[in-house]
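This report concerns only the one structure given below.
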Amino acid sequence: LLIFNKHQVLMQPQQCQPHSPPVKVAASILNSDLAELHSECNRMISAGSDFLHLDVMDGHFVPNLTFGHPVVQCLRPKLPGVLLEVHMMVSKPRQWVQPMASAGANQYTFHLEPFCQIGSTGGGSDSSSPVVGNVDTEACSECIRHIRENGMRVGLGISPDTPVHLVFPFVETVDQILVMTVHPGFGGQSFMSDMMPKVKSLRDRYATLDIEVDGGVTPDNVSQCASAGANVLVSGTALIKSPDPAAVVAQLKSVYKS
């Protein structure tokens, strides 16, 4: 066993323990009753959610608007001790680092795509599919440093069209990699099982990395997440809309015990 860094471990395949990091469930509150947001957050924590996942959308990076740092600031004193992850689906991630830190966010998860050159495939049946590449490594690294300087954990996310290898250079400087299992922007979408090879590629390289999956995660498909190596599960509709969210949390985690 040769340990190279904080996440990466070189092992023989039969020795690999893909779920060695702790399994965590985060409730995404996007589809909750926003008029009852505080009580909905408490309901999710009481049900066993390990932390809360707040989707922040700016109407530019994704075609939707949600909430920003004023909402986080209002929730913070009412949820003492609860880890708040802000999932920043925004076109200018660095701009909101300090406001979110001041509001009381604990983890700032932003997307790689604002730091990438994005074009089209240039014809054919998939001509509308974007091509993601040419990462501005310096700007992305500076954003990561800025988040750390403001006292927050760092998460880095990729959308379905983004190749997973583009995040490899940043793994050692972040706390978590987020693999989106839906296209970002709206809740209630169906889980994209074809994103699991990205998760497996990360787990094969980084044995102790927190790998988060977000989008359509339910007890019906969580076994795919577990098999691929994800250990942080964001669940929105399946939790929020359930009459027994505690049972859903237990179901999600039970797959990792079998």
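Predicted model only: the values in this text are computed from it and were never measured.
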Any chance you could lay out the salt bridge (Lys or Arg N to Asp or Glu O under 4.0 Å) test for Glu142 and Arg145, step after step, and finish with the verdict?
CA-CA 5 Å; Glu142 198 283 327; Arg145 287 193 297 270; 5.3 Å; no
Do Lys24 and Leu233 have side chains that get closer than 4.5 Å, going by heavy atoms?
no
Taking C-beta and beyond as the side chain, do Leu112 and Cys140 meet within less than 4.5 Å on heavy atoms?
yes
Within the distance-only criterion (no hydrogens, no angle test), does the side chain of Asn150 pair as donor or acceptor with the backbone N or O of Val97 below 3.5 angstrom?
no
Within the side chain of Arg203, is there an N or O that forms a donor-acceptor pair under 3.5 Å with the backbone of Tyr206?
yes
Say whether Glu36 and Ser32, considering side chains only, have a donor N or O and an acceptor N or O under 3.5 Å apart.
no
Taking the side chain as every heavy atom from C-beta outward, state whether Val222 and Tyr256 have any atom pair closer than 4.5 Å.
yes
Please list, chain by chain and in numerical order, all residues satisfying side chain to side chain donor-acceptor pair (under 3.5 Å) with Ser201, sequence neighbours excluded.
Arg205
Any side-chain heavy-atom pair from Ser159 and His183 closer than 4.5 angstrom?
no
Give, for atom NZ of Lys78 and atom NE2 of His38, the distance between the pair rounded to the nearest 0.5 Å.
6.0 Å
Co-membership, hydrophobic cluster, residues Val82 and Val86, 4.5 Å side-chain
yes
Within-4.5 Å side-chain heavy-atom neighbours: Thr173 and Arg148:
no
Ile158 and side-chain contact (heavy atoms from CB on, under 4.5 Å): which single residue from Met180, Lys198, His111 fits?
Lys198
Can you find a side-chain donor-acceptor pair between Asp58 and Ser91 that sits under 3.5 Å?
yes
Looking only at atom types and distance, does a side-chain atom of Thr218 sit under 3.5 Å from a main-chain N or O of Ala238, one as donor and one as acceptor?
no
Can you tell if the side chain of Asp210 reaches within under 4.5 Å of the side chain of Asp175, non-hydrogen atoms only?
no
How many angstroms lie between CD in Gln73 and CE in Met100, if you round to the nearest 0.5 Å?
10.5 Å
Compute whether any side-chain donor of one residue and acceptor of the other, for Asn106 and Arg76, lie under 3.5 angstrom apart.
yes
Distance in Å, Ile147 CD1 paired with Met88 CE, rounded so as to fall on 0.5 Å steps:
9.0 Å
Do you know the tightest heavy-atom contact between Phe191 and Gly215?
CD1-O, 3.5 Å
Is the closest side-chain donor-acceptor distance between Ser28 and Asp55 under 3.5 Å?
yes
Regarding Asp33 and Lys241, does a basic nitrogen lie under 4.0 Å from an acidic carboxylate oxygen?
no
dist Leu252:CG -> Ser254:OG (nearest 0.5 Å) comes out at 7.5 Å
Ignoring hydrogens, what is the shortest heavy-atom contact between Ala230 and Val213? Give both atom names and the distance.
CB-CG1, 3.8 Å
Would you confirm whether Ser49, through its side chain, and Met44, through its main-chain N or O, come within 3.5 Å as a donor-acceptor pair?
yes
Heavy-atom donor-acceptor pair, Asn221 side chain to Val217 backbone, under 3.5 Å
no
Following the transitive rule for hydrophobic clusters with a side-chain heavy-atom cut-off under 4.5 Å over Ile, Leu, Val, Met, Phe, Trp and Tyr, establish whether Ile240 and Leu79 coincide in one cluster.
yes
Using the six-membered ring wherever Trp is involved, compare the ring planes of Tyr108 and Phe110 and label them parallel, tilted or perpendicular (cut-offs 30° and 60°).
tilted
If you apply the rule side chain to side chain contact (heavy atoms under 4.5 Å, CB included), what do you find for Met195 with Thr181, and how did you get there?
CA-CA 6 Å; Met195 294 299 106; Thr181 47; 4.0 Å; yes
When rounded to the nearest 0.5 angstrom, what distance separates CG in Leu209 from CD in Glu172?
8.5 Å
Apply the test side chain to side chain contact (heavy atoms under 4.5 Å, CB included) to residues His87 and Val56: give CA-CA distance (whole Å), side-chain angles for both, the deciding distance (0.1 Å), then the verdict.
CA-CA 6 Å; His87 177 191; Val56 178; over 6 Å; no
Residues Cys41, Ile29; criterion side chain to side chain contact (heavy atoms under 4.5 Å, CB included); working and verdict
CA-CA 7 Å; Cys41 289; Ile29 61 173; 4.0 Å; yes
For a 4.5 angstrom cut-off between non-hydrogen side-chain atoms, does Val249 reach Asp50?
no
Side-chain heavy atoms of Gln176 within contact of Thr109, under 4.5 Å
yes
Are Phe51 and Ile45 joined in one hydrophobic group, where the rule is that I, L, V, M, F, W and Y side chains link up if heavy atoms are under 4.5 Å apart?
no
Between Leu202 and Val174, is there shared hydrophobic-cluster membership here, with clusters defined by ILVMFWY side-chain heavy atoms closer than 4.5 Å?
yes
